[in-house]
Amino acid sequence: MRIAGAIKYIVAVSAFLLTFYIISQVFEIKMDSNLVRSQPDNAPHPTTKAPRYRCGISKICPEKHFAFKISSGAANVVGPKICVEDAVLMSGVKNNVGRGINTALVNGRTGELIETKYHDLWGGDVAPFIEFLKKIPDGTIVCMATYDDGATKLNDEARKLISELGSTVINSLSFRDNWVFVGGTGIKTKSPFEQHIKNNKDTNKYEGWPEVVEMEGCIPQKLNE
């Protein structure tokens with residue numbers, strides 16, 4: 001009798017615990033459901049969106065500075081791109097780039113485009129490029145980017161003229177190197193805006209060409225003197 005009573009007691013306790021567990025689970029589900037329903041369907045969901053700056057650069061430029069972003073060409077397939085103040089000045093899409101050195105001249109006071117030009121320095125003549133460099137107006141921002149090969153036809157005179165625009169790399173620029181540069185006429189120091197990747201068969205990203213070189217930054221506005 002004692003054993004039967006104990007069994008009945010255990011069964012009763014187990015039934016009570018099971019009933020309590022089921023009720024608690026149902027209550028939790030109902031509470032979760034109410035919480036979900038309490039959120040309106042059109043409630044805004046917080047999102048984190050990175051701000052976009054001019055030319056897609058990673059920071060905002062200070063006052064009296066022009067934002068820029070330049071990339072060299074990729075092998076002999078994709079042309080270079082030059083953007084200043086959120087305006088794409090040269091690109092393959094604009095169909096105004098070509099093999100050699102691609103140059104965009106920008107007014108140093110207003111940031112407005114003056115002229116774009118590319119010179120074939122592999123199969124072309126360097127003389128027109130030299131004349132072009134000599135005629136750049138004072139106060140001009142000079143943006144340059146290579147595509148395919150921008151060095152084969154460069155001579156000492158052309159290199160000297162680019163060096164006077166603030167370049168420190170131009171004297172060592174070689175066959176199929178990738179190079180981007182921003183300088184200017186009348187610059188009194190060497191430009192901080194210059195990137196260069198050597199053509200090296202052991203490290204090239206593409207067969208016969210190094211990887212694309214890209215540069216961004218803020219160019220100080222040339223103030224009236």
Side-chain angles (χ1 to χ4, degrees), residues 54-55 57 61-73 79-122 124-147 149-151 153-173 178-196 213-225:
R54 288 171 294 177
C55 287
I57 69 174
C61 288
E63 187 180 356
K64 297 179 181 179
H65 284 71
F66 302 127
F68 80 90
K69 189 171 187 176
I70 302 178
S71 58
S72 68
K81 184 176 180 180
I82 298 176
C83 176
V84 176
E85 283 295 276
D86 227 19
V88 176
L89 308 182
M90 302 187 76
S91 71
V93 173
K94 293 181 71 71
N95 197 30
N96 63 347
V97 297
R99 180 174 63 188
I101 292 181
N102 295 258
T103 309
L105 304 181
V106 176
N107 187 304
R109 293 181 175 84
T110 66
E112 296 177 351
L113 176 66
I114 298 173
E115 183 182 3
T116 63
K117 199 88 171 178
Y118 65 86
H119 294 85
D120 184 354
L121 296 174
W122 185 82
D125 187 352
V126 72
F129 185 46
I130 290 173
E131 290 305 308
F132 171 79
L133 293 171
K134 288 180 176 179
K135 293 178 180 179
I136 297 176
D138 289 340
T140 301
I141 296 169
V142 182
C143 305
M144 293 182 166
T146 55
Y147 180 28
D149 172 43
K153 292 292 182 69
L154 281 179
N155 59 16
D156 291 343
E157 184 178 8
R159 293 178 190 271
K160 182 175 183 296
L161 289 168
I162 297 174
S163 177
E164 290 173 354
L165 297 173
S167 172
T168 57
V169 170
I170 192 64
N171 288 325
S172 60
L173 191 69
N178 273 341
W179 172 69
V180 291
F181 165 71
V182 176
T185 53
I187 191 169
K188 297 178 182 179
T189 59
K190 294 304 179 182
S191 172
F193 304 122
E194 190 167 28
Q195 295 291 332
H196 175 222
V213 60
E214 191 172 82
M215 177 176 65
E216 64 177 49
C218 304
I219 310 166
Q221 178 185 7
K222 186 173 178 61
L223 302 176
N224 292 324
E225 297 177 354

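Position 1 is the first residue of the sequence, and the numbers go up from there. What's counted below: heavy atoms across the whole structure, side chains too, no hydrogens, waters or symmetry copies.
- When every heavy atom of Phe181 is checked against every heavy atom of Leu165, the shortest pair comes out as CZ-O, 3.5 Å.
- Nearest heavy atom pair, residue His119 against residue Pro128, reads NE2-O, 3.9 Å.
- His65 approaches Arg54 most closely through the heavy-atom pair O-NH2, 4.1 Å.
- In this structure, NZ on Lys64 lies 14.5 Å from NZ on Lys222, to the nearest 0.5 angstrom.
- The two residues Val142 and Met144 have their closest heavy-atom pair at CG1-CE, 3.8 Å.
- Considering Val88, Val97, Val180, Val93 as possible partners of Lys81, the one that fulfils the side-chain contact (heavy atoms from CB on, under 4.5 Å) test is Val88.
- The aromatic rings of Phe68 and Phe193 stand perpendicular to each other, their planes meeting at an angle above 60°, with 30° marking the opposite boundary.
- Between Lys134 and Glu164, none of the side-chain N atoms (NZ, or NE/NH1/NH2) sits under 4.0 Å from a carboxylate O, so this pair counts as no salt bridge.
- Taking OG1 of Thr103 as the reference point, atom CD1 of Ile82 lies at 7.0 Å (rounded to 0.5 Å).
- Side-chain contact between Val126 and Leu121: present, with at least one pair of heavy atoms (C-beta onward) separated by less than 4.5 Å.
- Judged by distance alone, with hydrogens and angles left aside, the side-chain atoms of Lys117 form no donor-acceptor pair with the main-chain N or O of Asn102 at under 3.5 Å.
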For Lys69 and Met215, what are the C-alpha separation, side-chain angles and deciding distance, and is it a side chain to side chain contact (heavy atoms under 4.5 Å, CB included)?
-> CA-CA 6 Å; Lys69 189 171 187 176; Met215 177 176 65; over 6 Å; no
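- Side chains of Glu194 and Ser167: a donor on one and an acceptor on the other come within 3.5 Å.
- Using modelled atom types, no side-chain atom of Ser72 and backbone atom of Pro80 make a donor-acceptor pair closer than 3.5 Å.
- For the residue pair Cys61 and Gly217, the shortest heavy atom distance occurs at SG-O, 3.9 Å.
- Heavy atoms from other residues, nucleotides or ligands lying under 6.0 Å from OH of Tyr147 number more than 12.
- Residue Glu216 holds its CD atom at 5.5 Å from CD1 of Ile57, rounded to the nearest 0.5 Å.
- Between the NZ atom in Lys160 and the CD1 atom in Ile162 there is a gap of 12.5 Å [rounded to 0.5 Å].
- At a threshold of 4.5 Å between non-hydrogen side-chain atoms, the residues Ile170 and Leu154 count as touching.
- Rounded to the nearest 0.5 Å, atoms CG (Asn96) and OG1 (Thr116) are 4.5 Å apart.
- Here CH2 of Trp122 is found 8.0 Å from CG of Asp120. Values are rounded to the nearest 0.5 Å.
- The main-chain N or O of Cys55 is found under 3.5 Å from a side-chain atom of Asp86 such that the two form a donor-acceptor pair.
- With sequence neighbours excluded, the residues satisfying side chain to side chain contact (heavy atoms under 4.5 Å, CB included) with Pro137 are Thr140.
- Glu85 and Phe66 get closest at one heavy-atom pair: OE2-CA, 3.3 Å.
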Walk me through it: do Leu105 and Ile136 pass the test side chain to side chain contact (heavy atoms under 4.5 Å, CB included)?
-> CA-CA 8 Å; Leu105 304 181; Ile136 297 176; 4.0 Å; yes
CA sep, side-chain torsions, deciding dist, call: Ile101, Trp179, side chain to side chain contact (heavy atoms under 4.5 Å, CB included) = CA-CA 9 Å; Ile101 292 181; Trp179 172 69; 4.0 Å; yes
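- Arg159 places a side-chain N or O within 3.5 Å of a backbone atom of Leu173 that can act as its donor or acceptor partner.
- The closest side-chain heavy-atom distance from Leu89 to Cys143 is not below 4.5 Å.
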